[in-house]
Amino acid sequence: MRKLLAFITSIILLGLFVAGGIFLYDKGKFDNHLLPTKTSGEIVVLTVNGPTTYFEDAAGQITGFEHNLAQLFADELGLKVRFEILANETEMIAALEARRGHIAAGTLSPTREREKRVRFGPSYMTITQQVVYHADDVKPRSIKDLARKRVGVLAHSHHAERLAALRKETQFLQWEEYDNESTDNLLGRLSDNDLDIVIADSNWINLSRNLYPDIDVAFDLDKQESLAWAFPFAGDDFLYNAAKKFFARIEQDGTLKRLINRDLSNTRRLLKVDMETFLERLGTVLPKYRPLFQEAQEITGLDWRLLAAISYHESHWDPLATSPTNVRGMMMLTEETADRLKVKNRLDPKESIIAGAKYLVLLKDGIPDRVPEPDRTWLTIAAYNQGLGHLEDARILTQRLKRNPDSWNDVKATMPLLADSAYYTELKRGYARGGEAVIMAETVRTYFDVLSRLEKPHKSMFELADEDDEKKSSPGLKMWSK
């Protein structure tokens with residue numbers, strides 16, 4: 001009898017286990033708990049799309065400070081890295097709690113509320129919460145000036161926590177917390193006068209200021225605060241401990257500083273009227289020439305938005321543009337370059353754009369293969385302005401000054417010296433207006449930053465066909481992301 005009861009009990013337990021397993025599978029719970037990194041060989045990093053985190057650059061490659069930092073970390077551990085893109089900080093923290101990622105790397109500040117839900121690694125940067133207002137309004141001078149204003153912040157953010165603390169000091173201070181929004185969305189609302197005030201982080205504002213030329217910083221809301229990666233409480237201790245060692249090393253050897261300078265250095269801020277003109281022509285003039293820039297991308301592989309940014313700097317998208325030195329057309333080609341590329345009419349938009357793109361490829365091919373992106377692209381644009389010879393002189397001079405000739409940040413600091421007789425007399429090609437090349441590269445970088453955030457990337461027919469084939473070959477495969 002006992003054996004019979006034991007048998008029946010085991011059958012019941014087995015049935016419950018199977019049923020429970022089916023229930024869990026149906027609910028997708030197995031996907032919530034990732035395998036340890038040592039087992040899977042992969043780190044899953046949760047982040048958000050944006051200029052400080054993860055985006056597609058001028059060379060069509062995925063980049064961004066958080067992306068590059070996480071990739072460096074994974075490479076050091078000999079692991080692969082997979083990025084899952086979420087809508088905002090709130091989703092990142094929730095997804096990390098649900099064990100849908102090993103790390104959340106989205107310029108997160110540790111706060112009291114967040115530290116109850118996840119654990120944070122070492123600080124790698126400091127930022128400041130800033131009060132941003134519409135430049136046409138009266139500039140607020142203190143927190144008291146925010147009373148009765150339409151203030152917007154991201155929901156469950158450190159900005160909301162700070163305002164909650166300040167409410168005790170300021171009567172009539174109110175704000176709206178926005179779920180499923182990004183900082184860019186809130187700054188856009190401010191630009192459109194849907195909000196009076198937005199609280200945002202200094203690093204994001206710094207990289208967004210050209211996108212919204214009619215907004216400005218009023219004052220700092222608080223003292224500096226730290227940014228850090230977040231980890232699940234019950235997560236992989238191997239990763240958490242490895243991150244501590246990683247950040248200690250890259251801070252000590254200067255790697256962290258170099259990454260910050262490269263990925264988060266200020267883009268050139270244009271005058272308000274210049275950026276307003278650019279944004280206006282983006283909607284009225286660019287649509288006419290967008291297909292030509294996209295055709296040039298199909299021919300050369302260069303991002304059409306980069307080509308459009310260069311063209312706007314050169315001609316403001318005017319096909320009849322002509323300079324006093326007789327460079328002409330949408331891409332402002334010299335006679336020599338036009339002849340070299342067999343251009344019959346420099347004032348023909350299609351000929352000019354395609355020839356300019358091909359010329360950029362020639363210049364890029366002239367830069368050593370070891371130079372990484374995005375440095376390679378900005379060096380190429382400097383060469384578009386002053387030629388490969390003078391760029392090489394600048395790189396040689398950079399090396400003589402014991403800086404890195406493969407780094408755009410180091411070369412751009414040196415290139416203006418090509419106009420200084422104390423330096424150019426010692427160089428092969430002599431004098432050059434190197435400062436102009438730096439201005440062009442940094443201005444193009446600014447235009448490209450705006451275009452890449454407002455205009456979609458272009459995919460060729462071949463890329464679309466490949467994607468279609470992949471979907472057909474794996475119809476049931478879906479990545480968890482929002």
Full working for side chain to side chain contact (heavy atoms under 4.5 Å, CB included) between I62 and F55: CA-CA 6 Å; I62 298 300; F55 66 96; over 6 Å; no
Q399, CD: over 12 other non-hydrogen atoms inside 6.0 angstrom: no
Check: D184 main-chain N/O paired with Y212 side-chain donor or acceptor under 3.5 Å: yes
Side chain proximity check, V118 to I93, heavy atoms < 4.5 angstrom: yes
Candidate pair T47 and L86, rule side chain to side chain contact (heavy atoms under 4.5 Å, CB included), full reasoning: CA-CA 6 Å; T47 190; L86 291 101; over 6 Å; no
D216 with K139: basic N within carboxylate O range, under 4.0 Å: no
Sidechain-backbone polar pair: D375 side chain, W408 backbone, donor-acceptor under 3.5 Å: yes
Close aromatic pair by centroid cut-off 6.0 Å: F231 and F120: no
Side chains of W378 and E442, donor plus acceptor under 3.5 Å: no
Side chains of E280 and T284, donor plus acceptor under 3.5 Å: yes
Closest non-hydrogen atom pair, L451 against A308: CD1-CB, 4.0 Å
E115 atom CD, over 12 foreign heavy atoms within 6.0 Å: yes
Minimum side-chain heavy-atom gap L391-I367 below 4.5 Å: yes
Pairing of R150 and D196 as salt bridge, 4.0 angstrom limit: yes
Gap separating the CG atom of L186 from the CD atom of E176, nearest 0.5 angstrom: 10.5 Å
E177-H159 side chain donor-acceptor pair, cut-off 3.5 Å: no
N68 and T63: side chain donor to acceptor below 3.5 Å: yes
Over-ring placement of R281 relative to Y312, 6.0 Å and 45° cut-offs: no
Intermediate values then yes/no, side chain to side chain contact (heavy atoms under 4.5 Å, CB included), L96 and H102: CA-CA 7 Å; L96 194 63; H102 298 109; over 6 Å; no
Polar side chain donor-acceptor pair, D220 to T128, under 3.5 angstrom: no
Minimum side-chain heavy-atom gap V217-V131 below 4.5 Å: no
Under 3.5 Å: donor-acceptor pair, side chain of T414, backbone of A394: no
H158 and D201: side chain donor to acceptor below 3.5 Å: yes
Side chain to side chain, I197 and P140, heavy atoms closer than 4.5 Å: yes
Parallel, tilted or perpendicular: ring planes of Y124 versus F65, cut at 30 and 60 degrees: tilted
E66 vs W229, side-chain hydrogen bond (donor to acceptor under 3.5 Å, both in side chains): CA-CA, chis, key distance, verdict: CA-CA 9 Å; E66 295 289 354; W229 284 354; 3.1 Å; yes
Shortest non-hydrogen contact between A160 and V153, atoms and distance: CB-CG2, 4.1 Å
Short N-O contact, D214 and K272, less than 4.0 angstrom: no
Close side-chain approach of V45 and I43, heavy atoms under 4.5 Å: yes
Smallest separation among heavy atoms of I143 and L163, with atom names: CD1-CD2, 4.4 Å
S191 side chain vs G188 backbone, donor-acceptor pair below 3.5 Å: no
Sidechain-backbone polar pair: S452 side chain, D449 backbone, donor-acceptor under 3.5 Å: yes
Donor-acceptor side-chain pairing of T377 and E373 below 3.5 angstrom: yes
R249 CZ: over 12 foreign heavy atoms closer than 6.0 Å: yes
Lys NZ or Arg CZ of R167 over W175 ring: under 6.0 Å, within 45°: yes
Over 12 foreign heavy atoms within 6.0 Å of NZ, K257: no
Derivation of the ring pair (Phe, Tyr, Trp, His ring centres under 6.0 Å) call for F83 and H67: CA-CA 8 Å; F83 294 90; H67 168 275; 4.8 Å; yes
Backbone N/O of A155 and side chain of T90: donor-acceptor pair under 3.5 Å: yes
A357 to T300 - nearest heavy-atom pair and separation: CB-CG2, 3.7 Å
N-O pairing of E97 and R117 below 4.0 Å: yes
Residues R376 and D369 bridged, charged N to O under 4.0 Å: yes
Side chain proximity check, M440 to Q386, heavy atoms < 4.5 angstrom: no
Test item: L279 and V450 side chains (from C-beta on) under 4.5 Å apart, heavy atoms: yes
Backbone N/O of F448 and side chain of R305: donor-acceptor pair under 3.5 Å: no
T255 and R258: side chain donor to acceptor below 3.5 Å: yes
Quiz item: cation-pi between R119 and F233, 6.0 Å / 45°: no
Short side-chain donor-acceptor distance under 3.5 Å, S202 and Q130: no
Residues D194, R189: salt bridge by 4.0 Å N-O rule: no
Residue pair D303, H458: steps toward the side chain to side chain contact (heavy atoms under 4.5 Å, CB included) verdict: CA-CA 8 Å; D303 191 318; H458 173 65; over 6 Å; no
Flag if over 12 foreign heavy atoms under 6.0 Å of NZ, K288: no
F73 and F246 aromatic ring geometry - parallel, tilted or perpendicular at 30°/60° bounds: tilted
Side chain to side chain, V44 and R100, heavy atoms closer than 4.5 Å: no
Side-chain donor-acceptor contact under 3.5 Å, E225 with S109: yes
Donor on one side chain, acceptor on other, S208 and R453, under 3.5 Å: yes
